[in-house]
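For reference, the structure is listed below as structure tokens.
Quantities reported herein were computed from a predicted structural model and do not represent experimental measurements. Keep in mind that the numbers below use all heavy atoms, side chains included, and drop hydrogens, waters and symmetry copies.
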Amino acid sequence: MTSPHRPRVLFVDDDAVTRSAVARALVQTFDVTQASDGVEAVELLQKHTFDAIVTDLEMPRMAGNELIAWLEANQPNVAKRVVVMTGGAKHPTQIAWLRAFDAARIVAKPASLGTLVRAIGDAIERGKT
């Protein structure tokens, strides 16, 4: 059940084990909705509002950088509330994208719960300005 006092976070990661473990940890602080990739995230974003989004970078169907590009084009107010949680990039275009992205909005995997919660809190604050 969603509480009006808890921020809503969309957590996007193609690894089911990571997605489930992180969501279980985040639910102590946030109302968490999970998506397995960018395509599923877009479907959720078209129906629901979220205070912050945490996304993996490398995923099938739609990568995290592609999800952020979709947000910038379609929901720019939400795009500034994205945190990228990644173990790094392998593809040259994603490596270049990651280097150009705001380093303050990147959390390295594996991340401590405290680090991730702070990054999400910062993302929510960015959305207020």
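- Considering OG of Ser112 and CZ of Arg118, their distance stands at 6.0 Å, rounded to 0.5 Å.
- The two residues Ala35 and Arg19 come nearest to each other via the heavy atoms O-CD, 3.3 Å.
- Taking the side chain as every heavy atom from C-beta outward, Val12 and Ile53 approach each other to under 4.5 Å.
- Considering only heavy atoms from C-beta on, Asp37 stays 4.5 Å or farther from Leu67 through its side chain.
- Asp51 has its side chain out of reach of Val9: every pair of non-hydrogen atoms, C-beta onward, lies at least 4.5 Å apart.
- Using a 4.5 Å cut-off on side-chain heavy atoms (C-beta onward), Val42 and Met62 make contact.
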Dump the intermediate steps for side chain to side chain contact (heavy atoms under 4.5 Å, CB included) on Leu57 and Leu98, then the final yes or no.
-> CA-CA 9 Å; Leu57 181 59; Leu98 195 56; 4.0 Å; yes
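- Although no hydrogens or angles enter the test, the distance criterion places a donor-acceptor pair under 3.5 Å between the side chain of Glu58 and the main chain of Lys90.
- The closest side-chain heavy-atom distance from Trp70 to Leu45 is below 4.5 Å.
- Interatomic distance, Ser20 OG to Asp13 CG, rounded to the nearest 0.5 Å: 11.0 Å.
- To the nearest 0.5 angstrom, Gln28 atom CD is 9.0 Å from Arg6 atom CZ.
- For Arg105 (side chain) and Val83 (main-chain N/O), no donor-acceptor pair under 3.5 Å exists by modelled atom type.
- With respect to the salt-bridge test (charged N to carboxylate O, under 4.0 angstrom), the residues Asp56 and Lys109 qualify.
- A pairwise comparison of heavy atoms in Phe50 and Leu44 identifies CE1-O, 4.0 Å as the closest pair.
- Note: Leu10 CG to Phe30 CZ = 13.0 Å, rounded to the nearest 0.5 Å.
- Counting heavy atoms from C-beta on, the side chains of Ile95 and Arg99 come closer than 4.5 Å.
- Each of Leu116, Ile106, Thr55 was checked for a side-chain contact (heavy atoms from CB on, under 4.5 Å) with Met85, and the lone residue meeting it is Leu116.
- Proximity of a side-chain donor or acceptor of Glu40 to a complementary backbone N or O of Ser36 within less than 3.5 Å is detected.
- Hydrophobic clustering (ILVMFWY, side-chain heavy atoms < 4.5 Å, transitive): Val22 and Ile120 are in one cluster.
- Atoms CD and CZ, from Gln75 and Arg81 in turn, are 8.5 Å apart once rounded to the nearest 0.5 Å.
- Hydrophobic clustering (ILVMFWY, side-chain heavy atoms < 4.5 Å, transitive): Val107 and Val78 are in distinct clusters.
- Of all heavy-atom pairs between Trp97 and Val84, the closest is CH2-CG2, 3.9 Å.
- Summarising the geometry of Arg8 relative to Thr49, their closest heavy-atom pair is NH1-O, 2.9 Å, with the distance given to 0.1 Å.
- Of all heavy-atom pairs between Ala25 and Leu113, the closest is CB-CD1, 3.8 Å.
- Here the straight-line distance linking atom CD of Glu72 with atom NZ of Lys80 works out to 12.0 Å at 0.5 Å rounding.
- Ile124 and Pro7 get closest at one heavy-atom pair: CD1-CB, 3.5 Å.
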